[in-house]
**Q** 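Before anything else, here's the structure in question.
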Amino acid sequence: MMRRPAAKRSKPRSAQHKAFPAPTKGWIANENLAVSTPLGASVMDNWFPMATTVRIRRGSAKWAVIDGLPDVRSLFTYREGTIEQVFAATDTDIYDATSPAPGDPPSVGLAHRVMAGMTNGRWISVQFQTSGGTFLRLVNGADVPLVYDGSSFLTTPAITGATPESLNFVWQHKNRLWFIEKNSLNAWYLPVDSIGGAAVKFPLGGVFVLGGRLIAGATWSLDDGGGLSASCAFFTSEGEVAIYSGSNPADAADWQLKGVYRMGKPLGPEAMMRAGGDLVIATDIGFIPLSQCLSRDVAALAPIAVSYPIEKAWNDAVARRASDGNWVVEVWPTEQMALVCPPVVAGVDNEVFAVNLRTGAWARFTGFDVLCMVQFANVVMYGGSDGRIVQIETTGQDEGEPYTGTLVPLFDGMKTPASPKVPVQARATLLSYWTPGENVSVAFDYVMSIPPVPNPTVTPANSVWGTSIWGSGIWDVSLTKQTFAQWRSVGGQGYALAPVVQVSSGNAQPLDAELVQIDVVLEVGDIVS
């Protein structure tokens, strides 16, 4: 009698521990989903990557609201000595928003209006020093250009030669103001040390082979072997840039074309930032350093873009906003942060791409309807709809409402992609002044399953700024962050997993929670045959 062979028994599940350190390399959206880059995240919404941890961003608060609730189209500053002012422009008026009237929220009304009767609120400005003082020169391509002298907005001295209302961009190069004539390939320049007078046309139609129109210009510094050499760069809507050296465009021996190069199409006149002597331009193929365009074909620029880690997300944002190319870039040096703000478009979620300038790690901020942005008095604020001027990174709420930070590290198959994994418990280790009240769950097999947002943390009543009695509340001692690490039951099953950490902030004071690590205890089964 023959015995039946014994049935093959599967190996029992074995409990394992998987640690996900804080994803300090930031948001990654350009890699194979099955490849788990250490310290990367597939979702980093309302968190900001730092060198050692990632922190939930601070909230936003109304700096002021303009009476009548018009959209704020541009913000610009004036700085001279100890004077620092910020102005806000709507489609018809300009307001001094430096010191709003007290209230909840503070307001900017007729008493703050400094110019009226405009037809376009998108002003481009440059501060310019002459022997006569320090001025702002402003153009918008529709109205008579303006001059601000530190006390008043004026239409003099006038610009002659060109049609002044057609000038829609201005910049300074070697103590000379340059302008762009809208919908053309013509630039104009003024005499040295002048904010008005006879402008001279500098036609560039014969320089650019792809046509289009001029978008912007800037001074750009390149090390030519003998030190930094300041050149003048002209950018077109079709992604060409012409570089000129010299200081006097009327002197052919001094003013010379160094080359015409290709890059992506710029995403608006304010879609660039300065990085040392270099310029970084937000284009339809990425956030491209101008210095890289000199030695690479346009097809090879995307992999060296500053935005390469979020390439897919960047491309998606460009595609969703194809009808409006006016992106805004703002640098915040003290926070080591740059903010890239795609335009607000109906039916598309508002988002801001934030990058750590020290590490190059990216994140995404949600909930901001940015129409324009400026740095003023060491804070950053944006102009939005309904007359709102909003300061960011300041409180624990977004204009009085809770917001949530959601973080998901890259999925990990733990080197056994064919083995089923059943998580049992998970915890997030956080540093925070208050109990963060985090929600921890697990997503599986590259499907981003995000639970409903948790309730915001409730902080002690006597810790609210402005309400605690000095010496009796929590602010009478030096606050020290504490470590919070609570195990929570989780469920589900899959072959690749990623923990999901959500923290909601909804109090007046910032939560300032930092994520150190996420731990998952799970059972790993045998390979399924």
Side-chain angles (χ1 to χ4, degrees), residues 19-27 39-61 332 335-337 352 354 356 358-359 361-368 391-409 425-442 450-465 474-475 477-488 490 498-520:
F20 292 82
T24 51
K25 288 186 178 179
W27 182 23
L39 307 181
S42 52
V43 175
M44 188 172 283
D45 286 353
N46 298 325
W47 293 83
F48 187 69
M50 301 188 297
T52 56
T53 62
V54 297
R55 66 167 176 86
I56 189 169
R57 69 161 172 85
R58 288 188 169 189
S60 58
W332 198 351
E335 296 297 316
Q336 298 183 329
M337 181 187 299
V352 173
N356 186 316
R358 178 172 174 266
T359 67
W362 287 86
R364 186 177 78 137
F365 295 167
T366 63
F368 298 158
Q391 180 182 345
I392 67 169
E393 287 283 310
T394 181
T395 178
Q397 302 169 329
D398 273 349
E399 299 181 61
E401 298 295 329
Y403 64 94
T404 300
T406 301
L407 187 145
V408 185
Q425 288 186 310
R427 71 176 182 183
T429 300
L430 295 131
L431 301 175
S432 179
Y433 296 120
W434 329 108
T435 303
E438 74 282 3
N439 183 52
V440 183
S441 59
V442 179
I450 308 296
V453 299
N455 293 325
T457 298
V458 177
T459 56
N462 65 348
S463 68
V464 178
W465 292 331
I474 199 165
W475 294 101
V477 294
S478 177
L479 285 177
T480 301
K481 286 189 176 181
Q482 303 176 52
T483 301
F484 295 88
Q486 182 176 348
W487 287 104
R488 303 180 186 275
V490 294
V500 179
V501 177
Q502 298 165 283
V503 175
S504 292
S505 180
N507 289 272
Q509 59 274 67
L511 187 59
D512 285 343
E514 298 178 56
L515 178 72
V516 178
Q517 181 167 292
I518 311 167
D519 296 283
V520 180

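Fair warning: this is a prediction, and the values are worked out from it, not measured in the lab. All residue numbers in this chain count up from 1 along the given sequence.
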**Q** When you compare the side chain of Trp27 with that of Asp45, does any pair of heavy atoms fall below 4.5 Å?
**A** no

**Q** For the side chain of Thr359 and the backbone of Ala51, is there at least one donor-acceptor N/O pair under 3.5 Å apart?
**A**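 Checking the backbone N and O of Ala51 against the side chain of Thr359, no donor-acceptor pair under 3.5 Å is found.
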
**Q** Are Ile518 and Thr429 side-chain neighbours, meaning at least one heavy-atom pair lies under 4.5 Å?
**A** no

**Q** Roughly how far apart are Ser60 OG and Ile392 CD1, rounded to 0.5 Å?
**A** 8.5 Å

**Q** Evaluate the side-chain proximity of Tyr433 to Gln509: yes if any heavy-atom separation is below 4.5 Å, no if none is.
**A**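 No; the side chains remain at least 4.5 Å from each other.
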
**Q** Using every non-hydrogen atom in the two residues, find where Ala22 and Leu515 come nearest and quote the distance to one decimal.
**A** CB-O, 3.2 Å

**Q** Minimum heavy-atom separation for Pro23 and Pro49, please, with both atom names.
**A**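 Reported closest heavy-atom pair: O-CB, 4.3 Å.
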
**Q** Closest approach of Phe484 and Pro436, non-hydrogen atoms and distance?
**A** CG-CD, 3.6 Å

**Q** Testing the basics here: between Gln502 and Val453, what is the closest heavy-atom pair and its distance to 0.1 Å?
**A** NE2-CA, 4.0 Å

**Q** Is the side chain of Ser432 donor-acceptor paired with the backbone N or O of Trp434 at a distance under 3.5 Å, no angle test?
**A** yes

**Q** Any side-chain donor paired with an acceptor under 3.5 Å for Thr404 and Asn46?
**A**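 Short answer, no.
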
**Q** Find out whether Pro409 and Pro499 are in side-chain contact, i.e. whether some heavy atom of one side chain is under 4.5 Å from a heavy atom of the other.
**A**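 Pro409 reaches Pro499 side chain to side chain.
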
**Q** Can you check whether Phe20 reaches Leu407 side chain to side chain, under 4.5 Å on heavy atoms?
**A**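 Not in contact.
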
**Q** Let me confirm one number: the CZ-OH distance from Phe365 to Tyr403, rounded to the nearest 0.5 Å.
**A** 9.5 Å

**Q** Thr24 and Thr53: side-chain contact (heavy atoms from CB on, under 4.5 Å), yes or no, with the steps?
**A** CA-CA 6 Å; Thr24 51; Thr53 62; 5.6 Å; no

**Q** Report the distance from atom CH2 of Trp47 to atom CZ of Arg364, rounding to the nearest 0.5 Å.
**A** 15.5 Å

**Q** To check you understand the geometry: which heavy-atom pair defines the closest contact between Gly506 and Pro456, and what is its length?
**A**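 Looking at all heavy atoms of both residues, the closest pair is N-CB, 3.5 Å.
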
**Q** Kindly indicate whether the side chain of Arg488, heavy atoms from C-beta on, has any atom under 4.5 Å from the side chain of Glu438.
**A**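 When only atoms from C-beta onward are counted, Glu438 and Arg488 do touch, with a gap below 4.5 Å.
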
**Q** Identify the heavy atoms of Phe48 and Glu335 that sit nearest to each other, and give their distance.
**A** CE2-O, 4.5 Å

**Q** Can you name the one residue among Thr366, Asn439, Ile450 that meets side chain to side chain contact (heavy atoms under 4.5 Å, CB included) with Thr406?
**A**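 Between Thr406 and the candidates, side chain to side chain contact (heavy atoms under 4.5 Å, CB included) is satisfied uniquely by Ile450.
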
**Q** Among Arg55, Arg57, Arg58, which residue satisfies the salt bridge (charged side-chain N to carboxylate O under 4.0 Å, His left out) criterion with Asp512?
**A** Arg58

